[in-house]
Amino acid sequence: MAEKFDPYYKWLGIPPKDQPPHYYRLLGIELFEADRDVIDAAANRLMGYLKELAAGDDALHSQKLLNEISRARLSLLNKENKIAYDQELRAKLETEETKSAVAPAQVTPPPQPTQAALPPVFEPPQSSSRSSSIS
């Protein structure tokens with residue numbers, strides 16, 4: 001059976017664990033990027049790349065991503081929409097962070113070997129004639 005094609009991962013480098021991506025991840029820019037020129041350039045770069053792929057076998061995937069990038073671009077370039085989107089995204093990320101925060105694990109020291117579990121210690125034979133004088 002053929003593996004299902006994942007355009008987010010194959011074309012945009014967004015692994016399944018980050019899907020569906022928020023707009024900043026989709027555009028490949030810093031979280032809560034404020035510079036409109038950076039947002040616009042990222043969207044334009046991706047749209048140009050995806051338009052090149054539109055003629056291939058994966059035209060439907062390309063069109064879907066083009067639509068998503070267009071939505072992200074329009075939303076993040078509109079001041080009011082960006083403020084609302086950023087508030088929603090912050091709340092979502094805080095919720096996810098709270099859910100994933102786990103109490104520190106109790107570290108249990110490894111069990112100490114008992115005397116019986118230790119191999120016998122080799123002791124060299126003691127000689128009866130020790131010479132205590134050194135000449």
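Residue numbers start at 1 and run along the sequence shown.
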Between Leu27 and Arg45, is a side chain to side chain contact (heavy atoms under 4.5 Å, CB included) present by the stated rule, with each step listed? CA-CA 9 Å; Leu27 297 178; Arg45 181 178 56 252; over 6 Å; no
Tell me, yes or no, whether the heavy-atom count around Ile83 atom CD1, taken from other residues, nucleotides or ligands under 6.0 Å, exceeds 12. yes
Sidechain-backbone polar pair: Asp18 side chain, Pro21 backbone, donor-acceptor under 3.5 Å: no
For Asp57, does the CG atom sit with more than 12 other heavy atoms under 6.0 Å from it, leaving out its own atoms? no
Please step through side chain to side chain contact (heavy atoms under 4.5 Å, CB included) for the pair Ser70 and Leu74, ending with a clear verdict. CA-CA 6 Å; Ser70 180; Leu74 292 173; 4.2 Å; yes
Sidechain-backbone polar pair: Glu33 side chain, Tyr24 backbone, donor-acceptor under 3.5 Å: no
Which distance, rounded to the nearest 0.5 Å, do you find between the CG of Leu26 and the CD of Gln19? 10.5 Å
We want to know whether Lys82 and Tyr23 form a side-chain donor-acceptor pair, criterion being a heavy-atom distance below 3.5 angstrom. no
In Å, rounded to the nearest 0.5 Å, how long is the span from NE2 of His22 to CD1 of Ile14? 9.0 Å
Whether Ser62 side chain and Asp58 backbone form a donor-acceptor pair below 3.5 Å: no
Among Lys64, His61, Arg25, which one satisfies side chain to side chain donor-acceptor pair (under 3.5 Å) with Tyr8? Lys64
Determine whether Ile69 and Leu50 make a side-chain contact, defined as any pair of heavy atoms from C-beta on separated by less than 4.5 Å. yes
Can you tell me how far apart OG1 (Thr98) and CD (Glu94) are? Round to the nearest 0.5 Å. 7.0 Å
Nearest heavy atoms of Asp86 and Leu76, plus distance in Å: OD1-CD2, 4.5 Å
Using a 4.5 Å cut-off on heavy atoms from C-beta on, say whether the side chain of Pro7 contacts that of Leu12. no
Can you tell me if Phe32 has over 12 outside heavy atoms packed within less than 6.0 Å of its CZ? yes
Do you reckon Met47 sits in the same ILVMFWY cluster as Tyr49, going by side-chain contacts under 4.5 Å, direct or chained? yes
Lys92 NZ to Gln87 CD distance, which is reported to the nearest 0.5 Å: 16.0 Å
To the closest 0.5 Å, what do you measure between NZ (Lys51) and CG (Leu46)? 11.5 Å
Ignoring hydrogens and angles, state whether a donor on the side chain of Glu80 or Tyr85 is under 3.5 Å from an acceptor on the partner side chain. no
State, yes or no, whether a side-chain contact exists between Leu31 and Leu89 at a heavy-atom distance under 4.5 Å. yes
Beyond-backbone contact of Asp40 with Asn44, side-chain heavy atoms, under 4.5 angstrom: yes
